[in-house]
Amino acid sequence: MKSPAADDALRDEVRLLGGILGDVIREEGGQALFDHVEAVRQASIAYHRDPASHPAKRLERLLGELSVEQAAGLAHGFALFSLLANIAEDRATRRRAQDQAEAGARADTPEGALKRLADQGVDREAVRALLDEALVSPVLTAHPSEVRRKSVIDRIAAISDLLDACDRAGDACTPAAVSEPLRRQIVILWATRLVRSQGLVVQDEIDTVVSFLERIFLHVAPRQLAAWRRLLEAPGLQPFLRVGTWVGGDRDGNPNVDATVLAAAFRSQARAVLAFYLDEVHALGAELSLAAELAAVSPELAALADAAHDPSPHRADEPYRRALTGIYARLAATHEALAEAPPPRRPSVSGEAYAGPDAFEADLKVLHDSLVSHHGGVFAQDRLTELITAVEIFGFHMATLDLRQNSDVHERVVGDLLKVAGVCPDYSGLDEEGRLAVLAGELRSARPLFSPYADYAPETLKERAILQAAAAALAAFGPQAIRTHIVSKTDAASDLLEVYLLLKEVGLYRPEDPAACPVQAAPLFETIEDLRAARPTLERLLQEPAALAVAQARGVQEVMIGYSDSNKDGSYLTSGWELHEASRALVGVTQSLGLKLQLFHGRGGTVGRGGGSAFAGVLAQPEGTVQGRIRTTEQGEVIANKYGEPEIALRNLDALTCGAVLASLGHGRDQEYTAEHGALLSDLSSASMAAYRKLVYETEGFVDYYRAATPIAEIADLKIGSRPSSRTASTRIEDLRAIPWVFSWSQSRVMLPGWFGFGSAVQGRDMAELKAMAEAWPFFKTLVQNMEMVMAKADMTIARRYSTLVEDASLAARIYGEIKAEWERTHAAVLAITGHDHLLGGQPELHRLIRLRMPYVEPLNHVQIELIRRRRSGDEDPRVREGILLAINGVAAGLRNSG
């Protein structure tokens, strides 16, 4: 397949895939279904152009006449169109990025970042020094917004692989040659359920995360580190990438996570990573057939070979193979011990399990050193080197597992322990200083609070068991297995000391040596109120000897900041500003104590939850807050979008790394921040929050409108996560989790959390001043660009159709009118600031991609509205529900970052 210009190639691939899908719909679903798909697509386009036109009015008639089976078929077909268009888009984005990288035009590539730093007078030695102590950590969470099944993601990967293979074949591969294998995959995709019929359990989420670790990260992370080592001429550069996960350790609001689940998460991870190592060692055994009489070996290698006690006469004069036989045997025993399952392939000799990954790595290095010392550089970078690098990065634990729990739970558990022990009858009734005094006293005492002979609340026993499982995992897998215990809803220093007290109960915190505690308690500041109180909370925490000792031992205090709840509290603009100000305040606290601040960004996929370009987001961080260390959550559909394919994953990991390097060493980051900028944005934030809260929390009937004019009730039917969508049974917005809040507004094409309040905030302001601020200040520029992107995916015309689902027509007209008026104010303001005549005028590639995608998304919105109307009118046909879920699936796939 030839490679024409990027846009031509994209259009050609969309036509190719869409044409094949059309043929499949005819063959598998029938000509009538295909005709309905075409009729609805054309009517949807007409509706978008002019809802009052005669062709547009045909849409209502078409939808009303559909049978349930036809409606579900339409949803299924359009959802597949979105998925296939996304494949073509990803490939076009990859080609464009490759072209720009080769031209040296991208600062989010290692070569581009180093060039930019060199132009600013920063040498490579400074980069080496930074990366040697750096931490770049994408953290895969189970937060639900990924509506695609793994089976669907696998088919998408297979179709992409076929097109990639065609690219590699060049002119020898024609569309005709590739169409049949593509057709086979698309037929399978057509006949695959797009939505889950059963709810997920936590083990399903563990398996999904492990599949990404196994299929992508195990291969890509060593490649990334090797590339940076070559570029920096630093073969000893320490691994800076550490993949994290929350799945199995995050029990905040998820009653399904317990000690058994945590242990299962580590078993699953160990099974995958050790199976990979076993396969690699086996492959090396097949490859390294060097004979002793033809190739000299080091004494260490000879000793390792002899220690294997390999009885095979065929390997008697092959020392590398004998050594690998012994290594394989020890690794197989390690698999038995840690994965609690026999290895996929039995060893030919017996061996003792490795005590840890360092011993395994040492054995591999004996082979490597012997090969290089006797045969030179041809063995310097090979399969063995890549395996050693993988062990350096992943150990036996594969991914670092974070623990997370809500501060209210810790308070109850600590109160129960103190009461039963006779230390404090009413811990919850104490003020903050009283709590800190009790906790500090207990942290100085070697006496445990827990007694196996006393009675405790089930919650207390469950939390203690989880921490016991964490202690067992650390003993088995080493200190990288668990590094952090995050405390949700942190609003006081005692919330963190409670964690250390609970860690003391399971032997992880020892009063005689607090610095040796392997787990650091990290606050999560997520509401507007908590962000504003972040500085005094952290200051008070680090006045406590226990917390300070742990931070000083690491040289770092980690703090997580949440983008979702702060947005739900007070608007996108206010959330962004409060996060910025909290970050600046927090770095001041740590710097005053000689510590580094390690910010953990709790970002989601959509702009309303901190989404957008990770590279731009890191560069927009306040000066001094990165320091070579960045952790960020990767959630929902974003995981598959960013890490579903090796080359895309590598590019995203490099972008995150380059952002951290440039933000730490480069110029032109946040230095343009001035007191005047801060004062202006603070005023805008206050006005934005007031406008947002007036609508969401103070407008009579808003909750009723929201629950009727979005598919929030139907989203609860999606089997996309093991956690409930609401923290309580309440219907209040305050109690709704941030993810379904954002997801439902995305589905209805309002995208309200990503922009509402900005137009009111800037009304009457000097737009020239705001335009100048965006040009001078990366933080504000990124904020406006992200808002512009989400507005480009919104559609007030479709949103108006969703408002017709509200039974009270006057309520619908009133609230939709307020939303539309704010949309128009915000739209005008964004264009005035960017200086363009349409949204994304300065990002033509993104604009074209969104325009390409929308004709497949809009019909799904219309089908979704029709089916929701039927279901809420009492139609209990399960196919109606299925059609709604298919439409939700398709809209999410088309919008991409909707959760």
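Treat the numbers as computed from the prediction; the structure is a model and nothing was measured.
The two residues R271 and A341 make their nearest non-hydrogen contact at NE-CB, 4.0 Å. Listed here is the closest heavy atom pair of V139 and T245: CG1-N, 3.7 Å. Nearest heavy atoms, A799 versus V750: CB-CG2, 3.5 Å. Between V202 and V247, the shortest heavy-atom contact is O-CG1, 4.2 Å.
In this view, E858 satisfies the salt bridge (Lys or Arg N to Asp or Glu O under 4.0 Å) rule with no residue, not counting sequence neighbours. Looking at residues two or more places apart in sequence or on another chain, you find a side chain to side chain donor-acceptor pair (under 3.5 Å) between D108 and R106. Under the rule for a ring pair (Phe, Tyr, Trp, His ring centres under 6.0 Å), Y705 has no partner lying at least two apart in sequence or in another chain. The salt bridge (Lys or Arg N to Asp or Glu O under 4.0 Å) check on D207 picks up nothing, with sequence neighbours excluded. Applying the side chain to side chain donor-acceptor pair (under 3.5 Å) criterion to N652, with sequence neighbours excluded, gives no partner residue. Under the rule for a side chain to side chain donor-acceptor pair (under 3.5 Å), the partners of Q864 that lie at least two apart in sequence or sit in another chain are Q747, Y802. Contacts of R879 classified as side chain to side chain donor-acceptor pair (under 3.5 Å), with partners at least two apart in sequence or in another chain: D877. Residues forming a salt bridge (Lys or Arg N to Asp or Glu O under 4.0 Å) with R800 (at least two apart in sequence, or on another chain): none. Here R155 pairs with nothing under the salt bridge (Lys or Arg N to Asp or Glu O under 4.0 Å) rule; sequence neighbours left out.
Taking the six-membered ring where the residue is Trp, the centroids of H76 and W190 are separated by under 6.0 Å.
Interatomic distance, CD of E38 versus CG of D35, reported as 8.5 Å (0.5 Å rounding).
One finds no salt bridge joining E647 and R651 here, because no Lys/Arg side-chain nitrogen approaches an Asp/Glu carboxylate oxygen to under 4.0 Å. Classification of E60 and R801 as a salt-bridged pair holds, one side-chain N sitting under 4.0 Å from a carboxylate O. Under 4.0 Å is where a charged nitrogen must lie from a carboxylate oxygen, and between E845 and R848 no such pair does.
For residues 15-30, the set of pairs meeting the salt bridge (Lys or Arg N to Asp or Glu O under 4.0 Å) definition, not counting sequence neighbours, comprises D12-R15, D23-R26, D23-R183, E27-R183. Applying the salt bridge (Lys or Arg N to Asp or Glu O under 4.0 Å) rule to pairs touching residues 74-89 yields E89-R853, E89-R896, sequence neighbours excluded. Every pair passing salt bridge (Lys or Arg N to Asp or Glu O under 4.0 Å) that includes a residue from residues 62-77 is listed here, sequence neighbours excluded: R61-E65.
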T804 vs R869, side-chain hydrogen bond (donor to acceptor under 3.5 Å, both in side chains): CA-CA, chis, key distance, verdict: CA-CA 9 Å; T804 65; R869 197 186 310 279; 3.2 Å; yes

Step by step, would you call F217 with F212 a ring-ring contact (aromatic ring centres under 6.0 Å, His included)? CA-CA 7 Å; F217 288 94; F212 280 101; 7.7 Å; no

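Side-chain polar atoms of Q203 and S268 form a donor-acceptor pair below 3.5 angstrom. Looking only at atom types and distance, the side chain of S744 has no donor-acceptor partner in the side chain of R707 under 3.5 Å away.
The aromatic rings of W823 and W755 sit perpendicular, their planes meeting at an angle over 60°, well past the 30° parallel limit.
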